[in-house]
Asker: 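I have a structure I would like to understand better, so I am pasting it below and will then ask my questions one at a time.
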Amino acid sequence: MTTNKWITIKGTRDGLTLFMNDNCSWDELLIELDEILSAKHVTVDEPLITVKIKLGNRYITREQEQALLEITRKHNKLVVDQIVSNVILKEEALNWKEETDIKLHNKVVRSGQVLEVNSDVLLIGDVNPGGKIIATGNIFVLGNLRGIAHAGAKGNREAVIAASYMAPSQLRIAEIISRSPDSDKEGVPMECGFIEKDGEQIIMDRISSLVKSRPQLNAFERRIMNG
Amino acid sequence: MGEAIVITSGKGGVGKTTTTANLGTSLALLDKKVCLIDTDIGLRNLDVIMGLENRIIYDIVDVLEKRCKISQALIKDKRFDCLYLLPAAQTSDKSALTPEGMVEIIDELKPDYDYILIDCPAGIEQGYKNAVAGADKAIVVTTPEKSSVRDADRIIGLLEQEDIEPPHLVVNRIRNHMVKSGDMLDVDEIVQVLSIDLLGIVADDDDVIKASNHGEPVAFQPNTKASIAYRNIARRILGESVPLLSLEKKETFIDKVKKAFGIQK
Ligand SMILES: Nc1ncnc2c1ncn2[C@@H]1O[C@H](COP(=O)(O)OP(=O)(O)OP(=O)(O)O)[C@@H](O)[C@H]1O
Ligand SMILES: [Mg+2]
């Protein structure tokens with residue numbers, strides 16, 4: 001572990017971690033970074049070194065991030081793997097909150113209507129034939145699901161769809177679509193749909209099976225920390 | 001101050017005009033002062049079913065374009081002194097009727113009538129918007145067919161965006177033997193999907209067609225299945241709680257449970 005004026009370097013098994021002071025000026029920090037990296041000569045046959053940069057409580061913009069990357073790249077054999085800051089913008093925080101939230105709606109989604117939600121959704125009410133419910137996260141319907149439900153709409157294959165009464169015309173999770181059989185089959189109470197690990201289709205099972213197939217549904221805080 | 005009720009459905013031909021004529025007649029039988037408005041410009045029917053076609057001189061568009069006063073366009077019913085019809089225009093351009101125009105007319109009629117029933121054209125376009133514009137309440141008519149229920153659902157969704165009370169449902173043209181054989185949706189299923197209050201059920205009945213062809217709504221007859229059904233609906237509109245006519249033996253609770261679990265159809 002070497003300590004400079006503003007930057008502390010720590011070598012780990014996976015490469016280097018640079019702890020940046022978060023009180024000094026940004027320019028000073030960049031100058032010191034350039035000096036440190038220039039001083040460390042690496043020979044041609046050494047393997048690539050991955051670098052993690054920890055910014056502490058400093059917020060940087062996209063441009064500043066670019067500058068950081070450029071300086072590191074100038075020096076051979078260094079690959080920036082991660083730039084971590086403890087702080088985010090209010091706006092990002094709100095987005096984050098929104099996306100990890102569960103939104104409650106109490107209504108009937110009728111034919112021709114679309115309910116679109118940027119998080120998990122709990123619908124207290126039915127989705128009627130011709131109606132559509134879309135969420136970037138999970139979909140829980142406390143009612144009859146007779147229309148279309150699309151969970152994980154931005155590509156999250158972990159998302160699930162659960163309903164008190166499952167008789168959908170179509171289920172979609174991420175980019176995978178399954179439709180109901182053409183026969184006039186009755187629906188099933190308390191059912192859910194999800195994609196199995198490495199699976200390419202939506203599996204239907206009793207809601208109680210989610211405890212096994214989606215244990216992470218419980219761990220709300222973990223979902224926050226993983227973004 | 002009267003109450004304006006629009007009768008609508010989304011899908012065409014499910015019985016809006018028939019319902020309007022019969023509810024108007026039933027309310028008049030109960031001594032209410034009623035005005036029927038036909039908003040189906042170019043396809044007017046209500047006057048035919050009421051048997052008033054030959055009395056039309058002015059129509060709703062004439063009123064809006066100030067060619068006559070509203071009192072000149074209103075036609076008094078043959079049978080009741082308290083029942084009037086404002087007919088649709090048969091020839092003019094559809095765009096002559098506007099939501100603002102409807103509101104104007106309804107506001108003018110309201111002080112003089114207990115009920116104003118508005119017969120809505122099929123569809124969800126301009127004609128629908130006009131018909132709904134001045135309404136305080138809505139009745140959605142559906143038949144026990146999937147496509148008709150689907151369109152009713154669509155209309156209910158649109159009505160929910162309007163500034164009116166939650167709509168009520170009339171299920172028209174139920175055929176008992178088909179419901180029993182499972183070839184027709186039953187009323188419970190329809191009400192469950194649409195999740196609005198049921199105002200009444202009208203059986204599919206040849207008398208309805210016969211009566212309409214004679215220009216005398218079936219509700220005027222004392223004792224047919226359909227006329228009783230319409231009169232019951234009228235009483236429910238007045239706020240009476242009239243039990244639904246049992247069209248058949250009700251499903252027991254156990255039957256429902258069995259059905260829910262797919263043991264029995
Ligand atoms: N309960 C009934 N039993 C038998 N026939 C009926 C019944 N109700 C309506 N009909 C018949 O169905 C046909 C369509 O009815 P009606 O004209 O009232 O429908 P509508 O919804 O007003 O149609 P449109 O959308 O064209 O205005 C008519 O021939 C009518 O006589
Ligand atoms: Mg009609």
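Here is the naming used below: chain letters follow the sequence lines, and residue numbers restart at 1 for every chain. Keep in mind it's a predicted model, so treat the numbers as computed, not measured.
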Asker: Let's test your reading of the structure: which of L194(B), V149(B), L158(B) forms the most heavy-atom pairs below 4.5 Å with chain A?
Answerer: L194(B)
Asker: Does the pair K107(A) and E160(B) meet the rule for a side-chain contact (heavy atoms from CB on, under 4.5 Å), with working shown?
Answerer: CA-CA 11 Å; K107(A) 65 176 288 195; E160(B) 283 170 348; 5.9 Å; no
Asker: Without swapping roles, check the side chain of N128(A) against the backbone of V193(B) for a donor-acceptor pair under 3.5 Å.
Answerer: yes
Asker: Has E91(A) got more than 12 heavy atoms of other residues, nucleotides or ligands less than 6.0 Å from its CD?
Answerer: no
Asker: What are the residues of residues 7-14 of chain B, in order of number, with any heavy atom under 4.5 angstrom from a heavy atom of chain A?
Answerer: none
Asker: Please check if atom CE in M178(B) has more than 12 non-hydrogen atoms from other residues, nucleotides or ligands closer than 6.0 Å.
Answerer: yes
Asker: Check salt bridge (Lys or Arg N to Asp or Glu O under 4.0 Å) between K97(A) and all other residues, then give those that pass, not counting sequence neighbours.
Answerer: D101(A)
Asker: Answer yes or no: does atom CG of D183(B) have more than 12 heavy-atom neighbours from other residues, nucleotides or ligands under 6.0 Å?
Answerer: yes
Asker: Write down the atom of D153(B), the atom of S111(A), and the distance for their closest heavy-atom approach.
Answerer: OD2-N, 2.6 Å
Asker: When only heavy atoms count and the cut-off is under 4.5 Å, which of residues 116-128 of chain B reach chain A?
Answerer: none
Asker: Can you check whether anything in residues 196-205 of chain A gets within less than 4.5 Å of chain B, heavy-atom wise, and list it by number?
Answerer: none
